[in-house]
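No experiment lies behind these values; they were computed from the predicted model shown.
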Amino acid sequence: MKEKYGIIEIGSNNTKTHIYEHNKVIYENTTTIEFKKNYETNIAESDLNKLYEVIEKALQYTENIHIYGCSIFRTISKEELEDINKELDRKYNLKIEVVSQEDEAYYTALGCYSDIDYDKNICIFIGGGGSIELIFVKNKKMIDKKYYSFGVVDITNKFDSLKEDIPTVTFEEVYSHIDGLIDDIDIEADILILAGGDHLYWYNNAHYELLNNTLYSSENQKYMITRDMSDEYDRNALITSLDKIRQNSDNPKWFDGSRAMKIITNFISHKINAKYIIPTKINMEDGLKNKLDHE
């Protein structure tokens, strides 16, 4: 086990940092850096400068930093990635390792199911700015998987008013659009675990009630809601002031994609006939740290 190390996961919309010491998190942070939204012909210089700030904060804890690029970094050219890594190497002696969609899904899902005991189907939703993965698990074994090449950034780009205090678009309009992006799913699951981002951040700042998870025991999955509760909360999100919710948080920009995420997860919950939704903070880092601990 490594004594102290850090993991920085760069997504299309949010960059997450975790610093571990003796397998315990001693620092964590999520910074909104809109790499995908601001991408034209290259990664925006202003976004790279924000990434440098994230790295410099992490380096205050340890020089043993691992940086993983997801989503948008899977689509940039080899030459552009090399240029970015040359600068990272010059500044910090670090580089970005691009993670495939399959590996991102695997490590995130592993962080969800490795420590739970449940003998029925579970669907793990891994949502980001530019992609979505669904991993179906039963008794700690993967039984099916679905990958999609759209995420919350694509939805908010199409329905820009979702970022406004009260949107002009309706829940049904966005829901119908998502329906056109996702084919039939021929497998069901009792439980939908929300991972790949801090889904608890939404519920906590919006002051929505959560139930204690009585389905199984997990330190990282303490709460749940029923699908009926989810339907009420997710529809309410489009008629409630987003500005007031932003005021409760320390990262107001994070909420630009929050409504899109809620409608996507709501759609999936009905598509797989889930009875319960479990919001978590589990990310790819939770699976990766197991790998790094044993290297």
Side-chain angles (χ1 to χ4, degrees), residues 7-17 29-58 65-92 94-105 107-108 125-133 147-164 167 169 174 177-178 180-182 195-198 201 246 251-261 263-264 283-285:
I7 297 175
I8 297 175
E9 178 191 337
I10 311 171
S12 288
N13 208 45
N14 289 298
T15 296
K16 298 175 280 289
T17 304
N29 180 65
T30 298
T31 301
T32 298
I33 308 177
E34 298 177 295
F35 285 106
K36 181 170 182 175
K37 180 183 176 183
N38 299 331
Y39 189 89
E40 294 181 359
T41 56
N42 291 96
I43 296 289
E45 188 68 28
S46 58
D47 287 341
L48 287 175
N49 288 333
K50 292 176 183 177
L51 175 62
Y52 299 154
E53 293 178 8
V54 169
I55 293 171
E56 287 163 9
K57 285 183 182 177
I65 302 291
H66 304 264
I67 307 176
Y68 299 96
C70 306
S71 198
I72 185 68
F73 283 87
R74 290 194 281 261
T75 65
I76 66 174
S77 69
K78 178 181 178 182
E79 292 74 20
E80 183 177 7
L81 180 63
E82 287 176 350
D83 287 342
I84 292 171
N85 276 337
K86 282 178 183 177
E87 187 65 8
L88 287 174
D89 183 54
R90 184 186 70 81
K91 282 177 170 286
Y92 311 113
L94 295 171
K95 69 174 184 177
I96 296 171
E97 179 182 337
V98 176
V99 179
S100 69
Q101 188 174 24
E102 292 80 5
D103 283 348
E104 180 182 2
Y107 286 119
T108 307
F125 170 94
I126 304 161
S131 64
I132 289 170
E133 297 83 40
Y147 297 146
Y148 304 97
S149 58
F150 77 94
V152 296
V153 173
D154 302 279
I155 302 302
T156 53
N157 282 347
K158 182 171 180 62
F159 302 103
D160 192 59
S161 74
L162 287 172
K163 298 183 289 185
E164 297 173 2
V169 69
V174 183
H177 175 70
I178 294 167
L181 299 174
I182 295 179
D198 190 350
Y201 196 69
R246 292 185 201 269
N251 185 10
K253 191 69 177 172
W254 183 91
F255 291 89
D256 281 2
S258 60
R259 284 173 168 146
M261 183 66 80
I263 302 173
I264 294 170
N283 291 288
M284 183 174 67
E285 299 97 309

Between CD on residue Glu97 and CG on residue Asn85, distance to nearest 0.5 Å: 10.0 Å
From the list Asp154, Thr75, Asp47, side-chain hydrogen bond (donor to acceptor under 3.5 Å, both in side chains) with Lys36 holds only for Asp154
Please confirm whether the backbone N or O of Val54 pairs with a side-chain atom of Tyr52, one donor and one acceptor, at under 3.5 Å? no
Rounded at 0.5 Å granularity, tell me how far CD1 in Ile264 sits from CD1 in Ile178. 4.5 Å
Rounded to the nearest 0.5 Å, what's the gap from CD1 on Ile43 to CD1 on Ile76? Could you check? 5.0 Å
Looking only at heavy atoms, the pair that brings Asp198 and Trp254 closest together is O-CZ2, 3.4 Å
Would you indicate whether Lys95, at its atom NZ, is surrounded by more than 12 heavy atoms from other residues, nucleotides or ligands within a distance under 6.0 Å? no
Got Glu104 and Glu9 here, is their nearest side-chain heavy-atom distance under 4.5 Å? yes
Quick one: does Phe125's side chain get under 4.5 Å of Met261's, heavy atoms only? yes
Partners of Asp83 by salt bridge (charged side-chain N to carboxylate O under 4.0 Å, His left out), sequence neighbours excluded? none
So Ile182 and Phe150, do their side chains get closer than 4.5 Å, heavy atoms only? yes
Show the nearest heavy-atom pair for residues Ile155 and His177, with the distance to one decimal. CD1-CD2, 3.8 Å
If you draw a 6.0 Å radius around NZ in Lys91, do more than 12 non-hydrogen atoms from other residues or ligands fall strictly inside? yes
Derivation and outcome, side chain to side chain contact (heavy atoms under 4.5 Å, CB included), residues Lys253 and Asp256: CA-CA 6 Å; Lys253 191 69 177 172; Asp256 281 2; 2.9 Å; yes
Hey, does the side chain of Arg259 reach the backbone of Glu164 with a donor-acceptor pair shorter than 3.5 angstrom? yes
Here the gap from Ser131 atom OG to Ile72 atom CD1, rounded to the nearest 0.5 Å, amounts to 10.5 Å
Determine whether a donor-acceptor pair (N or O, by modelled atom type, separation under 3.5 Å) exists between the side chain of Asn283 and the backbone of Gly197. yes
Taking Tyr201 for the side chain and Asn251 for the main chain, is one N or O donor matched with an acceptor at less than 3.5 Å? yes
Rounded distance (nearest 0.5 Å) linking atom NZ of Lys37 with atom OG of Ser12: 13.0 Å
Thr156 side-chain N/O to Val153 backbone N/O, donor-acceptor pair under 3.5 Å: yes
Stepwise salt bridge (charged side-chain N to carboxylate O under 4.0 Å, His left out) test for Glu53 and Lys50: CA-CA 5 Å; Glu53 293 178 8; Lys50 292 176 183 177; over 6 Å; no
Distance check, rounded to the nearest 0.5 Å: Leu81 atom CG versus Arg74 atom CZ? 13.0 Å
Taking Ile55 as the fixed residue, which of Leu88, Thr17, Ile65, Thr15 is the one that meets the side-chain contact (heavy atoms from CB on, under 4.5 Å) rule? Leu88
Take Glu102 and Tyr147 through the test side chain to side chain contact (heavy atoms under 4.5 Å, CB included) and record every step on the way to the result. CA-CA 8 Å; Glu102 292 80 5; Tyr147 297 146; 3.5 Å; yes
